[in-house]
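For reference, the structure discussed in these notes is given below.
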Amino acid sequence: MFRLIGFLVTFALAAGGFMFVDYKMSARWAGREDAEGLTFQEYLGGLSGRLAGLGGGASASGLPSGLAAMLPKAPEGWSVRPVEAADIDGFLPKNAKKADKDALAAIKAMAASDAGKGAEVVALTYEKGDRKLIVKAIRYPNIIFTSLMAMDQRLKLQMQTAQFRGTEFATVRGLDVTEDLLPEGFRGRMFLADVGAQIHLRILAPKRMTDEDLVPFLETLHVKAMNADVVDKVEGLGEVPVIVLASALDGAERDAYLADVAGRTALETAKAEAERAEAEAAQTAEAPVGEASGGGFLSGLFGGGDEEPAAEAKAPAKTGKVGCKTGKDGVKRCTVATAPSE
């Protein structure tokens, strides 16, 4: 009996310690150095997503939940492996000293494994002979998309666009893919897309690969699983079995396609701005309540903070008489006459 009680106490302490550390880390992922402002409901929303992704297998719907399983399968004749630092060498200019620094950073980032706290990163290199193609995906934590305190981080992710010269490349089962035309001298083609602003996809292909050469990679990109694995899902994304290459369209078809892409982009931008305005209004409305409540971590976590303030805090501090005058120069000057002590 005593062993059982001891086990239960130890388990409770360990679980409580884990939740405390994980809660604090979630607050930091949301852009907060302390845990203030992060509600328990928001925390649980992010926790459930992380626990669901630990298995890395299939979700309840039968879709893959591991980010690596959502990336393209190696087409026939190609092999695939984790990316290595040397894989980017063939995409860099022959004279890197005079190359665009931002473009150099973008190329080198394709082989980097760090994308911030709590982010899941998968980068794969596909090889066929002397050709290499790199696909990288980053999934940012749920807490950024469920907490009002992370609105700045969310908006930054939502507003990420092409760094150089973005042009419409393709739509893969409803997912718009943009080509970011790299500066002169770089020996690669950069493509980017995002799903719900939470999963960001980058593809770096040899410059000699044509649009049609990239289709076999796009065909096995699991857009539907990506959409199911983000907080802000898009209805129907990944369910339409169509891949449209912008370069394959002419005349009125191309104009209609470009108009559709522009319309979707405008809707996403308007949605992001509306979410930001809503979050700012909510924070403004809740600010007095947050300033008045206390109780630290446990009270904020389990709904406390309704305790009576200390008695000495109820009595207003004695202050002196304040007098203000505006001078000829338009500057307002104030003086304080100290009240006599009792």
Side-chain angles (χ1 to χ4, degrees), residues 56-58 63-94 96 103-115 119-139 162-164 166-182 185-195 199-227 229 238 241-248:
L63 298 173
S65 58
L67 193 57
M70 302 176 192
L71 298 186
K73 301 185 186 313
E76 185 178 355
W78 290 75
S79 61
V80 61
R81 59 171 173 78
V83 71
E84 298 175 358
D87 292 340
I88 65 170
D89 293 345
F91 300 100
L92 299 174
K94 294 181 179 180
L104 283 174
I107 297 292
K108 292 178 180 179
M110 293 295 294
S113 59
D114 185 18
E120 180 185 2
V121 182
V122 176
L124 302 176
T125 297
Y126 300 77
E127 285 184 296
K128 183 179 181 181
D130 63 344
R131 287 189 292 176
K132 289 184 176 68
L133 180 144
I134 301 175
V135 178
K136 182 176 182 179
I138 303 174
R139 184 189 184 281
Q163 286 183 264
F164 311 103
T167 182
E168 294 79 2
F169 169 68
T171 298
V172 182
R173 297 179 174 85
L175 177 66
D176 293 323
V177 181
T178 300
E179 180 172 6
D180 198 358
L181 301 175
L182 295 171
F186 285 83
R187 295 175 289 172
R189 302 178 67 186
M190 180 75 77
F191 304 89
L192 53 100
D194 74 87
V195 180
I199 295 179
H200 285 253
L201 183 72
R202 298 290 183 271
I203 300 175
L204 181 60
K207 200 165 188 177
R208 56 179 169 161
M209 287 187 72
T210 66
D211 294 359
E212 290 75 13
D213 292 335
L214 294 169
V215 171
F217 295 92
L218 302 178
E219 285 177 338
T220 54
L221 180 66
H222 215 312
V223 178
K224 185 176 180 179
M226 290 182 174
N227 188 48
D229 201 37
V242 176
I243 297 177
V244 180
L245 289 178
S247 58

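When reading the values below, keep in mind they use all heavy atoms of this one structure, side chains included, and skip hydrogens, waters and symmetry mates. Here the structure is a predicted model, which is why all the values come from computation and not from measurement.
- A distance-only check finds no donor-acceptor pair linking the side chain of Asp176 to the backbone of Thr171 [under 3.5 Å].
- The nearest pair of heavy atoms linking Ala225 to Pro64 is CB-O, 3.6 Å.
- Within 6.0 Å of atom NZ in Lys207, more than 12 heavy atoms from other residues, nucleotides or ligands are found, so the atom counts as buried in its surroundings.
- For the pair Leu92/Ile107, a side-chain contact is recorded, criterion being any heavy-atom separation below 4.5 Å from C-beta on.
- Contact annotation: the side chain of Met226 approaches that of Leu71 to within less than 4.5 Å [non-hydrogen atoms, C-beta and beyond].
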### Task
Give the C-alpha distance, both sets of side-chain angles, the deciding distance and a yes or no for salt bridge (Lys or Arg N to Asp or Glu O under 4.0 Å) between Asp87 and Arg81.
CA-CA 11 Å; Asp87 292 340; Arg81 59 171 173 78; 2.8 Å; yes
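- Here CD of Glu168 is found 12.0 Å from OG of Ser247. Values are rounded to the nearest 0.5 Å.
- Between His200 and Lys136 there is no side-chain heavy-atom pair separated by less than 4.5 Å.
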### Task
For side-chain contact (heavy atoms from CB on, under 4.5 Å), just list the numbers for Glu219 and Ile243, CA-CA rounded to whole Å, side-chain angles, deciding distance to a tenth of an Å, and then say yes or no.
CA-CA 8 Å; Glu219 285 177 338; Ile243 297 177; 3.8 Å; yes
### Query
Hey, mind stepping through Val121 and Asp114 against side-chain contact (heavy atoms from CB on, under 4.5 Å) and telling me if it holds?
CA-CA 7 Å; Val121 182; Asp114 185 18; over 6 Å; no
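- Nearest heavy-atom pair, Ala85 versus Ala111, reported as atom, atom and distance to 0.1 Å: CA-CB, 4.1 Å.
- Salt-bridge formation is not detected for the pair Arg139/Asp194: no Lys NZ or Arg NE/NH1/NH2 atom is positioned less than 4.0 Å from an Asp or Glu carboxylate oxygen.
- Counting only heavy atoms from C-beta outward, the side chains of Leu221 and Met70 never approach each other to under 4.5 Å.
- In this structure, Asp211 pairs ionically with Arg189, as a charged nitrogen and a carboxylate oxygen lie closer than 4.0 Å.
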#### Entry: Check against side-chain contact (heavy atoms from CB on, under 4.5 Å), Ile138 and Leu67
CA-CA 8 Å; Ile138 303 174; Leu67 193 57; 5.9 Å; no
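- With a 4.5 Å cut-off on side-chain heavy atoms, Leu214 and Leu133 count as touching.
- How far NZ of Lys132 is from CG of Asp89: 8.5 Å, rounded to the nearest 0.5 Å.
- Salt-bridge check for Asp130 with Arg208: passed, with a basic side-chain N closer than 4.0 Å to an acidic carboxylate O.
- Atom CG of residue Leu192 and atom CG of residue Leu204 lie 11.5 Å apart, to the nearest 0.5 angstrom.
- Taking 4.5 Å as the limit, every side-chain heavy atom of Ser79 sits out of range of all side-chain heavy atoms of Lys128.
- Ile134 contributes atom CD1, which lies 10.0 Å from atom CG of Leu124 (distance to the nearest 0.5 angstrom).
- The shortest side-chain heavy-atom distance between Lys73 and Trp78 does not fall under the 4.5 Å cut-off.
- Proximity of the aromatic rings of Phe91 and Phe186 is defined here by a centroid distance below 6.0 angstrom, and this criterion is not met.
- Atom CG in Leu182 sits 9.0 Å away from atom CD in Gln163 (nearest 0.5 Å).
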### Test side-chain contact (heavy atoms from CB on, under 4.5 Å) applied to Val135 and Arg202, step by step
CA-CA 6 Å; Val135 178; Arg202 298 290 183 271; over 6 Å; no
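- Here the shortest heavy-atom pairing between Gly166 and Thr178 reads CA-CG2, 3.9 Å.
- Taking every heavy atom of both residues into account, Pro72 and Thr220 meet most closely at CA-OG1, 3.4 Å.
- With values rounded to the nearest 0.5 angstrom, Leu201 atom CG is found 5.0 Å from Ile203 atom CD1.
- In this structure the side chain of Arg131 reaches within 4.5 angstrom of the side chain of Met209, judged on heavy atoms.
- Taking all atoms of both residues into account, the shortest heavy-atom contact from Leu104 to Ala96 is CD1-O, 3.6 Å.
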